[in-house]
2 protein chains.
Amino acid sequence: MFKPITIKDIAQALNLSASTVSRALSDSYEINPETKKRVLAYAEQNNYKRNPIALSLKQRKSYSIGVVVCEVANSFFSQAIDGIESIAYKNGYNIIITQTHDSYDREVMNIKHLANRSVDGILISLSAETTNFDHIKKLHDAGLPIVFFDRIYDGLATHKVSSDNRNGAKMATQHLIEKGYRKIAHLANAPHLSITKERLAGYREALTENGIPIEEANITYCHHGGSNQKEVDAAVQYFLSMDEKPDSIFVASDRLSIGCLTAIKKYGDKAYMPAIAGFSNSDVLDLFSTDFSSIRQPAFEMGRVATDRLIQLIESKYPVYEHESIVLGTELIERIPGKLL
Amino acid sequence: MFKPITIKDIAQALNLSASTVSRALSDSYEINPETKKRVLAYAEQNNYKRNPIALSLKQRKSYSIGVVVCEVANSFFSQAIDGIESIAYKNGYNIIITQTHDSYDREVMNIKHLANRSVDGILISLSAETTNFDHIKKLHDAGLPIVFFDRIYDGLATHKVSSDNRNGAKMATQHLIEKGYRKIAHLANAPHLSITKERLAGYREALTENGIPIEEANITYCHHGGSNQKEVDAAVQYFLSMDEKPDSIFVASDRLSIGCLTAIKKYGDKAYMPAIAGFSNSDVLDLFSTDFSSIRQPAFEMGRVATDRLIQLIESKYPVYEHESIVLGTELIERIPGKLL
DNA sequence: TTGAAAGCGCTAACAG
DNA sequence: CTGTTAGCGCTTTCAA
């Protein structure tokens, strides 16, 4: 069942040796054009396909790259994957996608699994829970090419691709300020994530520049990135329980935005309805006239750039010592309530 | 760089033969417990990992399964992928995801690529453009296990997993009727897709049962599944141009729902705003109080079931001649406008 | 220009 | 209980 034709079969059929066939197939210069033509013709006819597994074994290369994200059912990441795929395929690689669901344990498992599966390199966006990086360091030290995107770890000498989180956060906060809000809460992601720190910095910057005092009590972290709705609910309930409730919330991520809106819908009332602005790549938001302006990251492009760099690393003949930190711009999408829909 | 330890290394270090080590590692019964312990200990210490590629070559098995969907940035499919992943990983398989973007050519490419990559089996949800199935038939005939999900092809003797599209469509249409709408248009997917036919049947059934005449002019197809927004725009503009405009629209898919809302937002006006109901697995919709009730498919479960069946096929010792067509239930989610948000 | 042989890492039939 | 041998499909010296 399903036994494809091999180089040996061709050799036998054409009365040649396997090595000659191999050479003909890889278009070696030192081969009789006549023979080459015969081999190619026969291969074509019997639609011979190189066995990539044998090739991998021989060349110690799998032509596949691993991708580690928290979840694919997330606008930002699914768009990023589109970008990753586009570059990977163009270069003859396929991608193996794994999801951490923002759990450290699953991240460790997945990365081990990928390394074990002998991928040629890995693209990582860290899980919200990750604070120990040994599982990644070990592989990196062993020579496995790794590129971070979105959720970066700075302690590793490799390429990093992110978006301008600080400025995005600043724009969002500034946007709320311009709309007249003053008591702006911040629903933040897990505290150790790179994006959390950067977005927090942007939030602070906007407030400071506008002479609004920063109150730590207005900032709440979601240690699991909102992968459990309960923690988002708790955060929102906390905001709602404050003596002086926030008039608006700057939300740090796609996942949290959805979670935050859900929680507000659940616990809020007509009398109190904070404005919301935050990071999100969801297209669906465009359809509604909520008071939810968002910061959009160039997800597709980030995926492309990260993959491009990873393949560079993989295919480089010599060890690469210079590493880029690439930061792409973010975009504010203002949404005005009260229009159609 | 990155040269992992092999069975030979262990053999040498322990003064054993490679086969003994291999046996010890695979916990063969016919091995001295003492030796086994030594080998295991050494392997553990030097964190030996089986080379899966060598294993694949030997066993003609890659422990990976290919997945073909139109796009991951789609609530239904990303949820289905979650389900696929959960079962695949539990059984030691990893998944290679490819996107067709609803193009026939890309589907052919991707499937070839997967077969070529020697996956052990493929899960397919057809592209909207596909009308010729030779590329799939060929592989199936050659013995490659294939399971269809969601967008089925009936001409192949294999397992198929779908949701109750007919009844889902009927519920949605019935829902519109109950809300008082009478001129209900149908924005359909590509005509040859299984889901299109089934959903159309449900739509017709609801109308008929309610004594509403079926008018073909009220039905418009999107031949590329809405992967190009222009075709959705055209369809909506057509509805808007009708002498007697539809008072509501039943939309056939997730992608089309988004597209339809987008188009209406673009071309509609306050005076005319049709009600909409349709298939969608988007969680975001729950957050808004649009007049958009939706039919939700059990995406995660569909992914699980399909993968389970595929692995059964893969691991079956004997050819399987009995094939299931599994149909899972759909759910109507009513949304009432005018609430919070 | 072609062939023979070795080897990538692993398993399995066979022999002891 | 353990070792020898062969082979999965392919590439690549080395020799002819």
Side-chain angles (χ1 to χ4, degrees), chain A residues 1-40 42-43 46-64 92 115-120 143, chain B residues 1-40 42-43 46-64 92 115-120 142-143 317:
Chain A
M1 86 180 274
F2 201 53
K3 171 127 177 50
I5 173 177
T6 76
I7 251 181
K8 270 191 196 165
D9 300 330
I10 302 186
Q12 200 158 26
L14 265 43
N15 244 303
L16 292 168
S17 76
S19 33
T20 305
V21 174
S22 169
R23 275 185 283 244
L25 254 17
S26 48
D27 202 30
S28 165
Y29 60 99
E30 46 171 40
I31 213 96
N32 188 321
E34 199 47 49
T35 318
K36 198 181 286 186
K37 222 184 297 176
R38 277 173 61 216
V39 172
L40 257 28
Y42 188 90
N46 300 62
N47 75 101
Y48 164 82
K49 291 282 182 317
R50 253 195 182 84
N51 179 329
I53 293 191
L55 200 75
S56 293
L57 182 60
K58 186 74 193 163
Q59 305 187 163
R60 275 98 171 282
K61 176 146 196 216
S62 65
Y63 282 100
S64 63
N116 194 13
R117 278 279 161 206
S118 39
V119 293
D120 296 334
Chain B
M1 80 180 270
F2 202 53
K3 169 127 177 49
I5 173 178
T6 77
I7 252 181
K8 270 189 196 166
D9 299 330
I10 303 185
Q12 200 159 25
L14 265 43
N15 243 302
L16 291 168
S17 77
S19 36
T20 305
V21 175
S22 169
R23 276 186 283 246
L25 254 17
S26 47
D27 201 30
S28 164
Y29 61 97
E30 46 171 44
I31 213 92
N32 188 324
E34 199 47 50
T35 319
K36 198 181 284 187
K37 222 185 296 174
R38 279 173 61 218
V39 171
L40 256 28
Y42 188 91
N46 300 63
N47 75 102
Y48 165 80
K49 292 283 183 314
R50 254 196 182 82
N51 179 331
I53 292 191
L55 201 74
S56 293
L57 183 60
K58 183 74 192 163
Q59 306 188 162
R60 276 99 169 285
K61 175 144 197 218
S62 64
Y63 282 99
S64 63
N116 194 13
R117 278 279 161 207
S118 39
V119 292
D120 297 335
K317 295 258 187 297

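Order of the sequence lines sets the chain letters (A, B, ...), proteins ahead of strands, with each chain counted from 1.
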Pick base, sugar-phosphate or nothing for A:T35, based on heavy-atom distances below 4.0 Å to the nucleic acid.
sugar-phosphate
From the candidates C:dT2, C:dC8, D:dT2, the one with an atom nearest any side-chain atom of A:N32 is C:dT2
Atom NZ of B:K36 to atom C1' of D:dT2: distance rounded to whole Å?
13 Å
Phosphate contact (D:dG3 OP1 or OP2) by B:S17 side-chain N/O below 4.0 Å
yes
With distance as the sole test, does A:R23 use its side chain to make a donor-acceptor pair with the main-chain N or O of A:I31 at under 3.5 Å?
no
Which nucleotide sits closest to the side chain of B:T20: D:dG9, D:dA6, D:dT2?
D:dT2
State whether the distance check finds a donor on one side and an acceptor on the other, under 3.5 Å, for side chain A:R23 versus base C:dG3.
yes
Taking CD1 from B:I53 and C1' from C:dG7, how many angstroms apart are they, rounded to a whole number?
16 Å
Contact class for B:P33 (heavy atom, under 4.0 Å): base, sugar-phosphate, or nothing?
sugar-phosphate
A:D9 atom CG is separated from D:dC10 atom P, nearest whole Å, by 9 Å
So A:I31, base contact, sugar-phosphate only, or nothing? Heavy-atom distance under 4.0 Å.
sugar-phosphate
Give the rounded distance in Å between these two atoms: CD of A:Q59 and P of C:dG7.
18 Å
Taking B:Y48's backbone N and O only, do any of them form a donor-acceptor pair with B:N46's side chain (distance below 3.5 Å, no angle check)?
no
Atom-pair distance (CZ on B:R50; C1' on C:dA12), nearest Å
13 Å
Rounded to whole angstrom units, what separation is found between the CD1 atom of B:I7 and the C1' atom of C:dG7?
16 Å
For a quick test of reading the model: is some side-chain N or O of A:K8 closer than 4.0 Å to OP1 or OP2 of D:dC8?
yes
Taking every non-hydrogen atom, the tightest pair across A:S26 and A:R50
CB-NH2, 3.6 Å
Among D:dC1, D:dT11, D:dG3, which is the nearest nucleotide to the side chain of A:S22?
D:dT11
Looking at every heavy atom in both A:A24 and A:L40, which two are closest together, and how far apart are they?
O-CD1, 3.9 Å
Options D:dC10, C:dG3, C:dG9, nucleotide nearest the side-chain atoms of A:S19:
C:dG3
Any B:S26 side-chain N or O less than 4.0 Å from OP1/OP2 of C:dT11:
no
Whole-Å distance, B:N15 CG to D:dG3 C1', equals 12 Å
Starting at atom CG of B:N51, determine the distance to atom C1' of C:dC8, rounded to an integer number of angstrom.
9 Å
Is any side-chain nitrogen or oxygen of A:Y48 closer than 4.0 Å to OP1 or OP2 of D:dC10?
yes
Give the minimum heavy-atom separation between A:T6 and A:D9, together with the two atoms involved.
N-OD2, 2.8 Å
